[in-house]
Novice: 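If you scroll down you'll find the structure; I have some questions about it.
Whatever order the structure lists them in is the order used to number ligands and atoms, beginning at 1. Excluded from the calculations below are hydrogen atoms, water molecules and symmetry mates; all remaining heavy atoms, backbone and side chain alike, are included.
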Amino acid sequence: MRFFAAASFLLCHAVTALGAVTWSVDPFNPAAVPLAVRSPYLSAWLPQGAGTALSDAWPTFWTGSILGWAGLAKVDGQAYVWMGTPGVPNVNLSKATQKSLQFTSTQSVFVMTAGAVDLTITFLSPVEPSDFVNQSLPLSYYSISAASNDGKSHTVQVYADISAEWISGDNSLIANWDTTTSDVLTHEVKLANPIAFSEINDRIQQGSAYHSTLNTAGATYQTGEDVVVRAQFAANGTLANTQDTAFRAVSDRWPVFAFAHDLGTVTSATAPVVYSIGHVRDPVVQYVILNGGKQARSSYFWTRFTTIGDAIATFLGDYTNAVARAKAFDAQLKTDATKISADYASVVALSIRQGFGATEITVSKNSDGSYDMSNTLMFMKEISSDGNVNTVDVIYPSWPLFVYTNATLGKQLLLPLFEYQATGQYPNQFSVHDMGAHYPNATGHNDGGDEHMPVEESGNMLIMTLSYTQQTGDLSLIKTYMHEKHSEAVTQFSLLDQWTQFLITDSLIPANQLSTDDFAGSLANQTNLAIKGIIGIRAMAEIAKLKGDESRASNYSSIAASYVTQWQKLAQSKTGDHLTLSYGDSNSWGLTYNLYADKLLGTNLFPASVYNMQTAWYSSKDNAFGVPLDTRHTFTKSDWQIWTAGTMTLTAVRDQFVQAVRNYSADGKNSQPLGDLYQTTDGTQVANSFRARPVVGGHLALLALAKAPKGSNNTGSTGTTSSSNTTIDTNGLNPGNSGLSHHRSAELMLHASLCTIGAIVLAGVWL
Ligand SMILES: *[C@@H]1O[C@H](CO)[C@@H](O)[C@H](O)[C@H]1NC(C)=O
Ligand SMILES: *[C@@H]1O[C@H](CO)[C@@H](O)[C@H](O)[C@H]1NC(C)=O
Ligand SMILES: *[C@@H]1O[C@H](CO)[C@@H](O)[C@H](O)[C@H]1NC(C)=O
Ligand SMILES: *[C@@H]1O[C@H](CO)[C@@H](O)[C@H](O)[C@H]1NC(C)=O
Ligand SMILES: *[C@@H]1O[C@H](CO)[C@@H](O)[C@H](O)[C@H]1NC(C)=O
Ligand SMILES: *[C@@H]1O[C@H](CO)[C@@H](O)[C@H](O)[C@H]1NC(C)=O
Ligand SMILES: *[C@@H]1O[C@H](CO)[C@@H](O)[C@H](O)[C@H]1NC(C)=O
Ligand SMILES: *[C@@H]1O[C@H](CO)[C@@H](O)[C@H](O)[C@H]1NC(C)=O
Ligand SMILES: *[C@@H]1O[C@H](CO)[C@@H](O)[C@H](O)[C@H]1NC(C)=O
Ligand SMILES: CC(=O)N[C@H]1CO[C@H](CO)[C@@H](O)[C@@H]1O
């Protein structure tokens with residue numbers, strides 16, 4: 001009751017704040033709009049907050065530092081700004097007015113009104129999980145098309161530039177640049193003194209930014225001081241086709257790299273002017289190999305292109321097809337996610353670019369310099385909370401993104417962890433936490449001094465390994481890492497079994513340790529961590545079975561089952577109505593999101609009564625913006641809420657979680673790329689250190705469940721009264737059930753009162 005009153009107040013307040021937004025929006029105004037988000041170093045956003053237009057702020061890197069990126073247009077001779085906040089002394093620049101914003105999983109589309117003309121600006125960051133070349137290209141598109149908004153004809157010229165802020169986290173460093181003019185116009189900007197694999201303020205100090213467009217009739221270019229180049233366009237509508245060669249610091253008379261296009265006389269919508277923007281470096285990652293050796297790895301796209309010019313020309317030339325592929329991807333995702341709800345579809349759409357934007361697909365070179373296509377590895381930067389490389393408990397929450405889009409990408413992320421630990425250089429019995437303390441150095445932890453999360457990471461590795469194998473039928477991971485010889489130095493080394501032994505010892509009664517939620521503190525006897533470890537043991541039973549080792553399979557399977565029985569006694573509160581946060585602390589509780597793996601793997605290890613109990617419990621614990629992570633704090637994690645939603649046995653409670661995350665994502669109280677750690681009480685992001693993280697891939701948890709192995713028991717449905725219309729009967733997704741939307745309207749009515757929901761849930765479970 002108390003929570004409900006608070007919720008009404010805060011939400012009314014949020015609606016008032018959003019009332020200030022004057023543009024139409026579909027599906028909602030996110031805290032930050034993805035503009036060019038494709039890699040840890042190509043990550044440009046509009047920090048929109050409660051309603052900042054594209055022409056009201058500079059785009060920023062995910063950290064919040066400014067990326068000079070300006071858009072101008074001339075309409076009947078008057079100059080307008082459509083992106084950024086450039087000012088030019090003695091020039092009358094009007095501000096284009098934002099008319100609408102729409103985002104999908106791959107695109108952000110703005111309509112900006114510049115006098116009698118509407119400019120449609122489409123930012124497209126492709127997501128192409130089935131083609132490693134396309135997925136690994138660190139290039140993004142943006143395009144501009146113009147149309148009269150008063151039925152009359154108008155003359156239109158458009159302009160866009162970037163500054164050298166795209167190449168460093170330190171604006172006092174010296175930049176070099178060059179412009180090439182063939183079929184494609186390309187500005188390349190780089191540091192005068194690059195340092196491989198080195199970062200300043202999370203920006204790589206290596207490689208080049210590329211700003212390109214097709215060299216069509218009416219296209220001009222110029223490089224030079226920001227106010228000079230922008231004044232040239234504002235005055236003339238064209239650029240001078242000249243290059244400034246006085247190389248200087250990023251912030252010294254701010255050099256910019258600009259293009260202009262004359263669209264002539266415009267009435268109906270013009271064909272788009274297309275640009276690409278990218279950040280490219282080679283090599284991208286250094287990776288630990290045998291005996292402490294380091295291997296320099298390249299972006300996978302080099303296996304198809306010999307020069308960056310080829311790659312950019314192909315990319316720009318493919319725009320029409322790329323838009324068609326993006327629309328198909330967006331539509332499929334929307335169709336699939338809308339089977340849960342429109343709220344759900346909007347949350348996953350916002351999560352896709354952010355999830356993929358933390359990753360890079362790489363390839364190694366043979367001794368003759370050719371690429372070894374068989375040696376493909378994917379790397380992920382933790383981003384924001386840390387710069388760690390391939391953090392196991394960051395890959396794990398993101399895992400549903402890969403299960404849904406292409407599970408092979410998941411294997412590519414796990415492989416570095418397997419390969420490294422199989423060299424025997426990592427000294428601990430449990431799984432390593434990450435591949436290196438700071439991206440892009442995947443140099444391992446030969447001293448064993450990584451951040452230890454023993455049960456967490458060992459369980460995660462086993463669960464993801466089985467999930468990958470189930471999704472693809474490819475036994476290669478389990479064949480290689482179960483009982484094989486891995487290197488000359490180490491024989492009969494079995495990582496999967498080694499981690500399982502660790503879990504058998506430490507997961508029923510977990511020692512005082514960190515879980516993935518390290519910011520919440522360490523704790524002994526964590527209920528949720530025990531769930532993870534026990535599922536990990538059971539996952540190994542399945543792995544052994546797939547490998548034909550029946551006796552090991554049945555041994556581990558019975559150990560896991562006996563642990564579940566013992567765990568139930570340890571983990572349940574005295575009142576018998578919820579699981580505790582830690583054994584014996586009856587008043588404590590937390591999100592038991594690790595049960596999700598039991599559903600994703602189809603292992604049916606935990607009894608239906610546990611799922612029903614937790615469903616009833618959470619239905620009454622909903623703050624204004626969701627259910628707290630645990631009783632130690634009022635904050636929560638958006639990813640774990642959606643994972644938990646996937647374990648609910650009633651759609652009303654599942655949707656309560658989904659709505660809470662959607663409400664937070666749209667509440668206008670934050671302006672950074674979606675932060676997964678936030679306050680349930682007021683919907684504000686908790687720390688600046690949890691933004692733009694790939695864990696939002698976990699928002700696809702409900703979509704991934706639809707791909708869980710079929711034919712196994714669904715723990716979520718057993719035991720719930722079958723007469724209840726809100727019972728979830730197929731892993732939370734029932735594509736064949738055309739009545740889903742009908743049911744939803746009934747549930748929305750239930751939402752009228754959380755107390756009512758609680759009562760209905762209790763009735764559904766115990767009556
Ligand atoms: C700038 O241009 C706008 C639009 O044409 C006009 O309304 C405004 O008066 C101009 N301002 C100045 C200072 O010239
Ligand atoms: C996943 O990626 C691999 C490698 O590019 C490709 O062969 C496979 O077809 C993809 N699978 C799906 C489902 O897209
Ligand atoms: C990848 O991009 C190329 C253009 O570079 C395109 O022809 C191809 O169809 C794309 N691949 C897939 C699988 O969509
Ligand atoms: C990566 O390692 C190199 C040394 O090989 C070092 O110069 C660089 O600073 C490291 N990068 C980061 C981001 O820590
Ligand atoms: C505009 O272009 C003309 C030549 O087309 C040139 O003489 C003039 O200086 C340009 N104006 C500016 C402000 O650059
Ligand atoms: C953990 O739980 C077990 C079983 O209840 C108990 O024996 C042990 O003392 C607990 N450990 C701590 C540190 O509370
Ligand atoms: C089952 O596995 C445990 C843990 O590895 C081991 O101690 C035990 O001997 C095994 N039991 C059988 C029957 O193999
Ligand atoms: C989400 O916001 C809507 C609109 O304000 C509100 O009716 C609903 O109760 C909220 N959902 C949750 C789970 O808080
Ligand atoms: C499915 O559930 C039924 C009834 O609870 C049980 O008898 C059966 O063993 C379960 N099957 C699996 C594969 O867990
Ligand atoms: C409230 C509600 O929608 N009840 C329906 C539940 O499902 C049964 C069987 O399909 C219907 O008869 C009820 O009307």
Novice: Judged by modelled atom types alone, do D131 and Q135 share a side-chain donor-acceptor pair under 3.5 Å?
Specialist: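 Q135 and D131 do not have a side-chain donor-acceptor pair below 3.5 Å.
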
Novice: Answer with yes or no whether the side chains of Y678 and Q641 bring together a donor and an acceptor at under 3.5 Å.
Specialist: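 Distance-only check passes for Q641 and Y678.
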
Novice: As an exercise, identify every atom of ligand 8 less than 4.0 angstrom from a heavy atom of D622.
Specialist: 13 (C)

Novice: Does N663 reach ligand 8 with a nitrogen or oxygen that is under 3.5 Å from one of the ligand's nitrogen or oxygen atoms?
Specialist: yes

Novice: A624: heavy atom below 4.0 Å from ligand 8, yes or no?
Specialist: yes

Novice: Can you name the nearest heavy-atom pair linking G590 to Q614, along with the distance?
Specialist: O-NE2, 4.3 Å

Novice: By number and element, which atoms of ligand 8 are closer than 4.0 Å to a non-hydrogen atom of A660?
Specialist: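 Going through ligand 8 atom by atom, the ones under 4.0 Å from A660 are 13 (C).
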
Novice: Atoms of ligand 8 less than 4.0 Å from Q659 heavy atoms?
Specialist: 1 (C), 8 (C), 9 (O), 10 (C), 11 (N), 12 (C), 13 (C)

Novice: Got an N/O contact under 3.5 Å between Q656 and ligand 8?
Specialist: no

Novice: Should the ring pair Y287 and F379 be called parallel, tilted or perpendicular, given that the plane angle runs from 0 to 90° and is split at 30 and 60?
Specialist: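 Perpendicular, since the angle between the ring planes exceeds 60°.
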
Novice: Any side-chain donor paired with an acceptor under 3.5 Å for K532 and S515?
Specialist: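 The criterion, which ignores hydrogens and geometry beyond distance, is not satisfied for S515 and K532.
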
Novice: Do any nitrogen or oxygen atoms of S130 lie less than 3.5 angstrom from nitrogen or oxygen atoms of ligand 2?
Specialist: yes

Novice: Could an N or O of ligand 2 be found under 3.5 Å from any N or O of N406, whether backbone or side chain?
Specialist: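 The answer is yes, given that N406 and ligand 2 share an N or O pair closer than 3.5 Å.
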
Novice: Looking only at heavy atoms, what is the nearest atom pair of K621 and P628, with distance?
Specialist: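 In this case the closest contact between K621 and P628 is O-CD, 3.7 Å.
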
Novice: Using the benzene-type ring in the case of Trp, are the ring centres of Y664 and F625 under 6.0 Å apart?
Specialist: no

Novice: With Y563, which residues qualify under side chain to side chain donor-acceptor pair (under 3.5 Å), at least two apart?
Specialist: none

Novice: Show the nearest heavy-atom pair for residues N375 and S364, with the distance to one decimal.
Specialist: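 Nearest pair, atom of N375 first, then S364: ND2-OG, 3.0 Å.
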
Novice: Show your reasoning for whether side-chain hydrogen bond (donor to acceptor under 3.5 Å, both in side chains) applies to T631 and S588.
Specialist: CA-CA 6 Å; T631 36; S588 70; 4.7 Å; no

Novice: Enumerate the protein residues lying less than 4.0 Å from ligand 6, judged by heavy-atom distances, in chain and residue-number order.
Specialist: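 Only I509, A524, N525, L570, Y583 have heavy atoms that fall under 4.0 Å of ligand 6, ordered by chain and number.
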
